[in-house]
2 protein chains.
Amino acid sequence: MNLDDRKKKILLAIIKTYLETGEPVGSRTISKIEGLSLSSATIRNEMADLVDMGYILQPHTSAGRIPSDKGYRFYVDQLMAEKEMELEERERETDEMKGLLVEKADKMERLLKQVARSLSTNTNYAAMISAPRYNINRLKFIQLSRMEANRIVAVIVVEGNMIKNQIIDIDEPIDDETLLKLNMLLNTTLNGMAIEDISLSIIAKMKQQAGDQAGIIAEVIDAVAESIKADEEDLEIYTSGANNIFKYPELADNQKASEIITAFEEKKQLTNLVYETLSHSDERGIQVYIGEESPVENMKDCSVVTATYELDEGIHGTIGIIGPKRMDYDKVLSTIKKLTTELDSMFKKNER
Amino acid sequence: MNLDDRKKKILLAIIKTYLETGEPVGSRTISKIEGLSLSSATIRNEMADLVDMGYILQPHTSAGRIPSDKGYRFYVDQLMAEKEMELEERERETDEMKGLLVEKADKMERLLKQVARSLSTNTNYAAMISAPRYNINRLKFIQLSRMEANRIVAVIVVEGNMIKNQIIDIDEPIDDETLLKLNMLLNTTLNGMAIEDISLSIIAKMKQQAGDQAGIIAEVIDAVAESIKADEEDLEIYTSGANNIFKYPELADNQKASEIITAFEEKKQLTNLVYETLSHSDERGIQVYIGEESPVENMKDCSVVTATYELDEGIHGTIGIIGPKRMDYDKVLSTIKKLTTELDSMFKKNER
DNA sequence: GTTAGCACTCGACCTATTAGAGTGCTAACA
DNA sequence: TGTTAGCACTCTAATAGGTCGAGTGCTAAC
């Protein structure tokens, strides 16, 4: 049995109706609404087929039908194909966009929080955004300064002007000249290097050149490695609107709500989502995970829509919307599309 | 009518039983359990009085009694008085303490997250902790470094070794000598000053001394002010275990759960709690808010226990536990007490 | 292949009915 | 006068029975 044109139309009708009402939809409803005037009996026959094929489900024998994960998948694929076409046809006007406008923010953190909030309030679903991640961590500048007699502070600037600090305690006081020499050594050797490329041999060579001060070099390198590692480990993720899940009865029971909230609290689970999205995202950069498809265990009852935004070559992050499987995919896809676009242009202006 | 000794005993028995079972407690239960052997009838009479006095409530006519906010308040006050005594008598042994032990953490943020997590998993309630706030922001060290030709990075270290960075774009390249001069000027003038004490006249004087470079001075001062202000505005708060509320049926219905989760998401509400605690905390530093007493609107159905920890003179933060009104106050008070103590000693060791 | 018709199913909702826990009150007791 | 036994009463939670209606599956006719 294959999915002929009529079956497709009926399936889409069922899903759309269900998305609007949130209740199982019966054959009569479809027979009335649809352009292809067919009796409820015929619809019923087709529906039976669709159940067999796994596109829709019957909660119980004498109830209407609801879409299965497979059904949603069909719908979303269809929808995204349409969107593709639309976007080629005309540049979208930005009418419903006002609410989306993100205030100009000076700090990255604040900006990201605002984006998350904007997303969640606009869609009424839960939202998340990951801080941009620098795939290549290239060192730009290193500076050691003496803070107190036995204590220096290392300032490490990497590509994209992310700044890290590390305080280093030293055994013996260090004089200005040596400090200057160390700074020269560090910068001439390391500037422009990717963190991954700092090999042991380079470090050994630097230590040799540093002579007595080899210990400090080691500490600085450690500090560099440490701060980068820390950065990789806990990818910053901002969330907003987790409480929105309570608006959807199918997610609001204790068991499920607790799982979802937990995922939002323990950002580690969301980290998965980010990596998954970054690695699998296709050319469009938008990804839809339905139910069981979700990379986050605790969100198997949700749908998750993610997208990557790009700040600059090799620097990107992920935004995501988490809601019920019967979410308004149309709206969510538009919103997320617009937002990534806006983010891109914003970063261009805001690049510091 | 006043609260005589027998009434007190009965009241405490009711509350303790309710804390254990979570169900309305009847007169028979009390008459059996209690040392002061009285018949259920007598207990009933007393209970009626206690209802009149507002210490306990009757969910419906033929049900047992549950404590009112006023009842809980009585219980907690009693408990805290006892604790006071206990602590004077003997230094508490640290037997149940293992789980509480917080791993040594190098970064403040990670430490705070761990503390929050430790609190929530140990108590099975929700927990929060605010980053330590420096009441007096004293400048310790300022360093300008050239990063690129037209760009310098200002590193600002304040009391407690909190480090802020600010990138400053300048119109014309600056030479090493001038940079050195500026650094000297900044440090000799500002070191050791409290932020609040940097007056306009001081700034004017510095600008005058800086001559051509007055613009940079202004930018640095702005950066200092800015970074301090940003710090004050969004007080960092870390939370953990919000999902624990689902373990308590009286908090787990949609309406209430949503409110509580929202409070945890929008940290602004928790900020209130921190300020409230900091300003009102008595000598012991532990505060208990029961139901309506809570400074956080969305937590009127919870009890909130907070405490201040002190890192150093004038530097403190707040930890808090949020749970149902029938929380195990005894355990919570002990835990929070121990944790603040441990935090204090940890900060002493970890002070860098 | 499509449709009308009809018996059937099953959850949602409403209404007793019952059981049990707990009360309030009265009358007797120390 | 405070305490207690006894008893009728109240109210909830749980169970069972009954009805309604939406929706189905199937058959037979078109």
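Computed over heavy atoms, backbone and side chain alike; hydrogens, waters and symmetry mates excluded. Letters A, B, ... mirror the listed sequences (proteins, then strands); counts begin at 1.
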Measure the distance from [atom1] on [X] to [atom2] on [N] and round it to the nearest whole Å.
| X | N | atom1 | atom2 | value |
| --- | --- | --- | --- | --- |
| D4(A) | dT2(C) | CG | P | 10 Å |
| M47(B) | dC25(C) | CE | P | 15 Å |
| L50(B) | dG24(C) | CG | P | 12 Å |
| I43(B) | dG2(D) | CD1 | C1' | 14 Å |
| R28(B) | dT23(C) | CZ | P | 11 Å |
| I30(B) | dT23(C) | CD1 | C1' | 15 Å |
| N45(B) | dT1(D) | CG | C1' | 13 Å |
| D49(A) | dT24(D) | CG | P | 14 Å |

- Item | Among L11(B), T42(B), L38(B), V25(B), side chain to side chain contact (heavy atoms under 4.5 Å, CB included) partner for I30(B) | V25(B)
- Please name the residue in the list T306(A), L273(A), V305(A) that meets the side chain to side chain contact (heavy atoms under 4.5 Å, CB included) test with Q287(A). T306(A)
- Closest approach of P67(B) and L57(B), non-hydrogen atoms and distance? O-CD1, 4.4 Å
- Query: Under 3.5 Å, is there a donor-acceptor pair between the side chain of N298(A) and the main chain of E259(A)?
  - Reply: yes
- Message: Whether the side chain of S258(B) engages the backbone of Q255(B) through a donor-acceptor N/O pair (distance < 3.5 Å, no angle test) should be reported.
- Response: no
- Message: Within residues 57-72 of chain B, which residues have any heavy atom lying less than 4.0 Å from an atom of DNA chain D?
- Response: H60(B), T61(B), S62(B)
- Give a yes/no on whether any side-chain N or O of S40(B) is located under 4.0 angstrom from OP1 or OP2 of dG22(C). no
- Message: For dC30(D), give the paired nucleotide (Watson-Crick: N1-N3 plus N6-O4 or O6-N4; G-U: N1-O2 and O6-N3; both under 3.5 Å), or none.
- Response: dG1(C)
- Charged N to carboxylate O below 4.0 Å: is that the case for R73(B) and D77(B)? yes
- N/O donor-acceptor pair, side chain R44(B) with base dG6(D), under 3.5 angstrom: yes
- Go through the structure and list residues passing salt bridge (charged side-chain N to carboxylate O under 4.0 Å, His left out) with E46(A), not counting sequence neighbours. R6(A), K7(A)
